[in-house]
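Reminder, nothing fancy here: chain letters follow the sequence lines and each chain counts from 1. The model shown is predicted, which means the values in this text are computed figures rather than measured ones.
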4 protein chains.
Amino acid sequence: MTAKCFMLLLTIDRSIILFKEIISMPISENQRLKMIQKRKRILDESIDLFAEHGYDGTTIKMIAEKAEVSFGSVFTYFETKEQLFHATVIDSLDAYSEIILDFNPNPENVLQEIENMINNQIKIFSEFSTYLLLVVYVVGHHHRFPETFNELDQFHDKLRGKLSELIKNGQKMGQLFKLDPMYVASCYTSLLMGLRLNFIDEPESEMWKEIVPYAMQLFGPKKV
Amino acid sequence: MTAKCFMLLLTIDRSIILFKEIISMPISENQRLKMIQKRKRILDESIDLFAEHGYDGTTIKMIAEKAEVSFGSVFTYFETKEQLFHATVIDSLDAYSEIILDFNPNPENVLQEIENMINNQIKIFSEFSTYLLLVVYVVGHHHRFPETFNELDQFHDKLRGKLSELIKNGQKMGQLFKLDPMYVASCYTSLLMGLRLNFIDEPESEMWKEIVPYAMQLFGPKKV
Amino acid sequence: MTAKCFMLLLTIDRSIILFKEIISMPISENQRLKMIQKRKRILDESIDLFAEHGYDGTTIKMIAEKAEVSFGSVFTYFETKEQLFHATVIDSLDAYSEIILDFNPNPENVLQEIENMINNQIKIFSEFSTYLLLVVYVVGHHHRFPETFNELDQFHDKLRGKLSELIKNGQKMGQLFKLDPMYVASCYTSLLMGLRLNFIDEPESEMWKEIVPYAMQLFGPKKV
Amino acid sequence: MTAKCFMLLLTIDRSIILFKEIISMPISENQRLKMIQKRKRILDESIDLFAEHGYDGTTIKMIAEKAEVSFGSVFTYFETKEQLFHATVIDSLDAYSEIILDFNPNPENVLQEIENMINNQIKIFSEFSTYLLLVVYVVGHHHRFPETFNELDQFHDKLRGKLSELIKNGQKMGQLFKLDPMYVASCYTSLLMGLRLNFIDEPESEMWKEIVPYAMQLFGPKKV
DNA sequence: GATGAATGAGGGTTCATTCAT
DNA sequence: CATGAATGAACCCTCATTCAT
């Protein structure tokens, strides 16, 4: 496999299942690439549509048209609408997951690390409003999409776990007041989620940057 | 009109149009009461269904069956599904609105008032998860339900305004650190909303009470 | 219930389930009648279509148009296409069943009774070619319609049982040669079915009457 | 062309069109053979599938998978699904035709010849239930597959003609009662077909052998 | 007002056929 | 020739809305 192709595969995240299927097909490199791009195109447009109209309000026709793909093609890449929905949520999760978890739980300067982290995460939350709305949708309808919800929930737990570790270290080092780390973590992720909902139509506004110190408060910093 | 009937009408609130229709109808007091109750029944069950299944996922048949009302009856009380949805969200809003805004923005002891308020609101948010999920749904789909969203947004602004007033007073009285009151208010409502989403399956758990001091932090209290 | 209505119900055979549903509905006598007729109309046209095009080759649209009923109406009378198919086969079975089993297994003159019976059954098989084709279809696809097939099979067993009894009596009375009664019965019903298939485009032709003595042979009559 | 290849071609019989195409292709002997086998494989599996699921219920994908042939290959051997269906029925007909017509219409001992013939044909009917179900399917849907039906009908006429000849000879020689030979023949083929339907799930059971004397009766033997 | 049968547009999905590789 | 992705018409079924009773 060429390096170029390999890079592309990385960008489609970890859709290992289809990945395996596609690379095992007896077709040319070129064709393989096209298929991967087509699949990605469908998923990308699906995020917007599912986020805006919900699962039932989004039709395959809408997706096919927005992705400039024939109606039937959607079904050559995804067996059912439900699977497409799941892939739409989970494929992107992997990408966001990485950048959201990108902080050091054992830093020398905890306060600095927290501030950097908040800055980074606030930025992500302000930029990717569409995807986060989709996440909210899944959470709100978790009874209907239990498996998809479960994966999101696992990521949430992982994030809170890592946050908790960071907080514990800060407390040990005397940089943070003694508060239950898990509650702090939960409040922080709740705040991010809630902000995204409350400022639903303000992507990338200045407001987001201003929020950082307020979020900081939740961690119980000894000097602010 | 009897006092009893009048009280009932208050609880169904703003459905002025139907209200007018019902009271102008040449029918007996008794029948009027029955109609009002029937309408309320439909709205109550609609909350659960719309919250769980979304607008498109909820059918009139489902509502009629859950409310133990004939299929046709739903359409004698609400012209269209969309109107029923709007009424479902907005009728309840007024009821919740009152208890959520139930705090004094000019108290003698601001810290105490804030703590009481948080206690009260956390309680509400923990108990009425279904309705709040519905609110989240409308917010997430605000392009589709602009009018309904607008009314929710107005309430949100009203709430933040009143919170802001309380915070300002606290700062004047030296009980709170100087922070932008509007940002604090926004963070606080975001936190409530976010908590509701993150602890979606934990209505009325002990956890909610523990959250109070963490929420308190956002207001920048001078001693905690 | 009026006598008229009762008679009509008899003609729709034993579709007890729907019968109960319809008569328990809080609607007028007149409306009830219309519904029963509409249902019957759909079933009648379904026989022809399913018989000619098979299950997959027949569309709900075709049925609705032939029965002069709206597309949606088909689904107010039958939950699914599969159920409609089952009802199409089984509702008619009851009607035919009665006239096919209309012979006396303990007659004084067995030979005469057999001849009368064959005459009668040959007539039925010659006239109702469409329905019999449908029966053949179900038998040929019994793995796909196991329940429907099972009911047809039970009727077949019942018929062979009664034939067997008649044959036994004929043998006891010395009017028939000693042959295994069950085999004779099976051969006879097979002959009828086979004839229906072989003379598929010759309903009510003269040929059918001529067949009687040949069918008679199977019973092993002592003088012909 | 090698003798071996020629023999193979005979077994795939009338597919003259493709036959011409294949032998006129500028390819190696070896490749030619492979193609012929592949075509046969498709047809063989098609019998089972069309017989069990009917024309509409059978998909090209099902056939390709069962025949372990690529989806696209089916269309390189057969222009349309309809042509494949026709070939499936007719190619096999020639094979069965030969063994079913394998009796002498002018034997010395007619009764013996008839018994041998019935034995042989009953055996065939008991063994090849799948193909016969397919025949029944075509007969039942003759309006939809007129050409295919027509070829089956011609074979049926040919069979009845030859049977008729045998019966006439038997009557001339005083071994059979005087009965209309054509009716007898029709009854006999009907009996075979009917038995196949009635004992649809009993391939090769003992029952079939027992049937012989009962079938014999139809021919009007003077002593049995 | 109460009821639920009637309607048909629109949903997800399947599949024969085409065609580029 | 072999392959399977691409296509969209047509399938069954659902459901908001209408309307006769």
If we ignore angles and hydrogens, is there a donor and acceptor under 3.5 Å between the side chains of A:Thr76 and A:Ser73? no

Rounded to the Å, how far apart are A:Arg32 CZ and F:dT3 P? 17 Å

Let's go through C:Phe85 and C:Phe145 carefully: what are the C-alpha distance in whole Å and the side-chain angles of both, what is the deciding distance for ring-ring contact (aromatic ring centres under 6.0 Å, His included) to 0.1 Å, and is it a yes or a no? CA-CA 9 Å; C:Phe85 181 76; C:Phe145 308 106; 4.5 Å; yes

Separation of atom CG in C:Asn30 from atom P in E:dT3, rounded to whole Å: 21 Å

Does a side-chain N or O from A:Tyr77 land closer than 4.0 Å to OP1 or OP2 of F:dA6, or not? yes

E:dA9 OP1/OP2 closer than 4.0 Å to side-chain N/O of A:Lys61: no

Both D:Ser70 and C:Glu82 contact DNA chain F. Taking the nearest nucleotide for each, which residue is further toward the 5' end? D:Ser70

What integer distance in Å separates D:Tyr55:OH from E:dA16:P? 8 Å

Gap between atoms CG and P, on C:Asp56 and F:dA10 respectively (whole Å): 17 Å

Complementary nucleotide for E:dA9 - Watson-Crick or wobble, under 3.5 Å: F:dT14

Does F:dT21 have a Watson-Crick or wobble mate here (both distances under 3.5 Å), and if so which one? E:dA2

With DNA chain F as reference, determine whether D:Phe75 or B:Lys81 sits nearer its 5' end, using the nearest nucleotide of each. D:Phe75

Could you tell me whether A:Lys81 and A:Asp56 make a salt bridge, using a distance below 4.0 angstrom between a side-chain N and a carboxylate O? no

Distance check needed: F:dA10 C1' versus C:Met62 CE, whole Å only. 13 Å

Whether D:Thr76 contacts F:dA2 is assessed here as follows: a side-chain N or O lying under 4.0 Å from the phosphate OP1 or OP2. Is that the case? yes

Pair C:Asp44 + C:Lys66, salt bridge at N-O below 4.0 Å: no

Round to a whole Å and report the spacing from CD of A:Gln31 to P of F:dA2. 18 Å

Of B:Ser73 and D:Gly72, whose closest DNA chain E nucleotide lies nearer the 5' terminus? B:Ser73

Does E:dA2 have OP1 or OP2 under 4.0 Å away from a side-chain N or O of B:Lys34? no

Side-chain contact test, heavy atoms from C-beta onward, threshold under 4.5 Å: evaluate it for A:Phe149 versus A:His143 and give yes or no. no

Nearest-Å distance for atom pair CD/C1', residues D:Gln83 and E:dA16: 13 Å

Compare the minimum distances between each of E:dA16, F:dA9, F:dA2 and the side chain of A:Phe71, then state the nucleotide with the smallest one. F:dA9

Could you check A:Ile60 against C:Lys38 and say which one's nearest nucleotide on DNA chain E is further toward the 5' end? C:Lys38

What's the CD1-C1' distance between C:Ile42 and E:dT7, to the nearest Å? 13 Å

